[in-house]
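Everything on this sheet refers to the single structure shown next.
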Amino acid sequence: MSRGAWALIPVKEGARAKSRLAGILTPRQRTDLQQAMLLDLLDELRASQLLSGIALCGPDPATATLAARSGHTFIHQPTGTDGLNAAVAFATRTLSSSGARIVAVLPADLPFLDSAELDIAIAAAALARVCAVVPDRHGTGTNGLVFPASTPPEFRFGPDSFRRHLDRPSDRRLPPRRALRLASLACDIDLPNDLEQLRDAVSGDSAHRARALVRALPRHNRAQGTKEEIVQ
Ligand SMILES: Nc1nc2c(ncn2[C@@H]2O[C@H](COP(=O)(O)OP(=O)(O)OP(=O)(O)O)[C@@H](O)[C@H]2O)c(=O)[nH]1
Ligand SMILES: O=C(O)[C@H](O)COP(=O)(O)O
């Protein structure tokens, strides 16, 4: 495994993916959407100047197959490692012990990511030795967490994770946290309204597979639900 900076993308098993879209998409459509966004993201990450490698981590054999086909590393999430935080902690240890210097944790649903912006976060973590925390556009979730591999933060993905990832670490030897707002990492796809951003994506955007998939959906599939209507 090459040293240097690694993207780490946790991937849920397809059958459980994008559950907040269950009101408007079939299970198959949600699995397909997760995969389309992931493939768009992987294409864009190949343009990064600073990444040495890309690792996918999850429990699903389909993710292992996708990683193998696209020439990326797969880290199998061991049975009993429950949830996103435990999966990311396990995969970070694996990458660190294999020589990775920087880890950039990215969710699979960032089809608009611009790799030049990711490189800004990687440079901050490598040169300033900080843990860069990139918020979603609501300022509540975490869409990027980039840190020296040997000193990972405590992973706190879940509600209010942006603020919680910025908490000063109790161990003073750990790198300080820095908020880093990056426009192309702000737009993750969680809720029905978010699908409209994919529909409106222009050619040239990195999100071409996800855009094609959403544009092919029948119109009644694209509900206009608000966060409040969907998260009951
Ligand atoms: N390996 C692994 N990845 C996970 C797990 N839970 C979530 N993820 C991934 O973490 C990222 C953010 O996940 P979420 O927003 O919680 O899940 P989602 O499937 O995108 O959407 P919802 O089901 O609507 O929450 C995505 O890349 C998920 O695939 C997990 O238990 N294990
Ligand atoms: O910590 C987070 O931001 C969530 O676990 C994952 O993000 P999402 O809910 O915005 O997909």
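Order of listing sets the numbers, starting from 1, for every ligand and every atom in it.
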By number and element, which atoms of ligand 1 are closer than 4.0 Å to a non-hydrogen atom of [X]?
{"X": "A17", "answer": "19 (O)"}
{"X": "G83", "answer": "30 (C), 31 (O)"}
{"X": "P107", "answer": "11 (C), 27 (O)"}
{"X": "R20", "answer": "15 (O), 21 (O), 22 (P), 24 (O), 25 (O)"}
{"X": "C57", "answer": "1 (N)"}
{"X": "G58", "answer": "1 (N)"}

Taking atom CE of M37 and atom CZ of F112, what is their separation to the nearest 0.5 Å?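 With rounding to 0.5 Å, CE (M37) is 10.0 Å from CZ (F112).
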Are [X] and [Y] ion-paired here, with the side-chain N under 4.0 Å from a carboxylate O?
{"X": "D188", "Y": "R137", "result": "yes"}
{"X": "R46", "Y": "E44", "result": "no"}
{"X": "R163", "Y": "D160", "result": "yes"}

Side chains of L38 and L66: closer than 4.5 Å at any heavy-atom pair?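 Yes; the side chains approach each other to less than 4.5 Å.
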Would you check if P135 and R181 make a side-chain contact, meaning some heavy-atom pair closer than 4.5 Å?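 When only atoms from C-beta onward are counted, R181 and P135 do touch, with a gap below 4.5 Å.
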Between R20 and ligand 2, which part of the residue brings a heavy atom under 4.0 Å of the ligand: side chain, backbone, both or neither?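 Side chain only.
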Path from V130 to W6 over hydrophobic side-chain contacts below 4.5 Å: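 No, it is not one cluster - the side chains of V130 and W6 are not joined through contacts under 4.5 Å.
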Under 3.5 Å, is there a donor-acceptor pair linking the side chains of T142 and S161?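 S161 and T142 do have a side-chain donor-acceptor pair below 3.5 Å.
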Distance-only side-chain donor-acceptor flag, D119 / S48, under 3.5 Å: yes
Closest approach of any protein heavy atom to atom 6 (N) of ligand 1, naming residue and atom: K12 CG, 3.5 Å
Report the nearest protein non-hydrogen atom to atom 8 (P) of ligand 2: residue, atom name, distance rounded to 0.1 Å. D190 OD2, 3.4 Å
Out of curiosity, is P107 lining ligand 2, as in a heavy atom under 4.0 Å away? no
Non-hydrogen protein atom less than 4.0 angstrom from atom 6 (C) of ligand 2: no
Would E13 count as a contact of ligand 1 if the rule is a heavy atom under 4.0 Å away? no
Sub-3.5 Å N/O-N/O distance, S161 and ligand 2: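 Yes; the residue has a nitrogen or oxygen that sits under 3.5 Å from a nitrogen or oxygen of the ligand.
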